[in-house]
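One structure below.
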Amino acid sequence: MLYAILCYHDEAVVGSWSKEEDDAVLAKRAVVMETIATQGRLGPVARLMPTTAATTVRSGRESLVIDGPFAETKEQLLGFYVVECTSLEQAIETARELKGDESGGAFEIRPLRLFIPGSRAP
């Protein structure tokens with residue numbers, strides 16, 4: 001099953017890291033990603049631009065488009081990994097490996113259901 005591992009952290013904290021600190025975090029994650037890729041389990045990986053670059057479409061009586069990241073959370077979604085795992089336990093272990101010894105933040109794990117255009121939804 002495919003799992004999305006969503007990386008959350010306080011954007012102000014991550015934004016305050018020096019280039020060297022940021023590079024060190026990404027280098028540690030690259031080692032884990034290489035292992036997962038070698039096993040043929042790694043799907044798309046993306047690091048999102050800061051929330052200051054976000055635009056939000058909110059539903060209500062009328063569809064509303066808002067400049068900014070108005071998702072109402074203390075931590076922001078910074079990026080995600082799509083990983084093939086045989087079980088939730090394997091997905092949890094993969095998230096732990098990706099997180100490493102980094103303090104703060106959270107990695108949320110969600111099973112994915114893929115929709116292929118032109119096919120019937122499962």
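Reckoned from all heavy atoms, side chains included, excluding hydrogens, waters and symmetry mates.
- Under the 4.5 Å side-chain heavy-atom criterion for ILVMFWY residues, no single connected hydrophobic cluster contains both V14 and L6.
- The closest side-chain heavy-atom distance from L2 to V83 is not below 4.5 Å.
- Residues L88 and M1 share a single hydrophobic cluster, defined by chaining ILVMFWY side chains whose heavy atoms lie under 4.5 Å apart.
- Note: the hydrophobic cluster containing F107 also contains V45 (ILVMFWY, side chain heavy atoms under 4.5 Å, direct or indirect links).
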Extract all donor-acceptor atom pairs below 3.5 Å that involve side chains of residues 93-100 and protein atoms in other chains or at least two apart in sequence.
unit_1, atom_1, unit_2, atom_2, d
T94, OG1, Q90, O, 2.9
K99, NZ, E102, O, 3.0
K99, NZ, G104, O, 2.5

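- Cluster membership for L48 and L42, using ILVMFWY side-chain heavy atoms within less than 4.5 angstrom, is not shared.
- The OH atom of Y3 lies 8.0 Å from the OG1 atom of T86; values are rounded to the nearest 0.5 Å.
- Residues passing the side chain to side chain contact (heavy atoms under 4.5 Å, CB included) test with D10 are A12, V13, Q76, sequence neighbours excluded.
- E84 pairs by the side chain to side chain donor-acceptor pair (under 3.5 Å) definition with nothing, not counting sequence neighbours.
- Residues V25 and R29 have side chains in contact (heavy-atom distance under 4.5 Å, counting atoms from C-beta outward).
- For residues 39-53, the salt bridge (charged side-chain N to carboxylate O under 4.0 Å, His left out) pairs, not counting sequence neighbours, are D22-R47.
- Looking only at side-chain heavy atoms (C-beta outward), D101 and K28 come within less than 4.5 Å of each other.
- Applying the side chain to side chain contact (heavy atoms under 4.5 Å, CB included) test to A24 and every residue at least two apart in sequence or in another chain returns nothing.
- Hydrophobic clustering (ILVMFWY, side-chain heavy atoms < 4.5 Å, transitive): F80 and I5 are in distinct clusters.
- Aromatic ring pairs are classed by plane angle as parallel below 30°, tilted from 30° to 60° and perpendicular above 60°; the pair W17 and H9 is perpendicular.
- Think of V31 as one node in a network of Ile, Leu, Val, Met, Phe, Trp and Tyr side chains linked at under 4.5 Å; it has no links at all.
- For the residue pair A53 and M49, the shortest heavy atom distance occurs at CB-CB, 4.2 Å.
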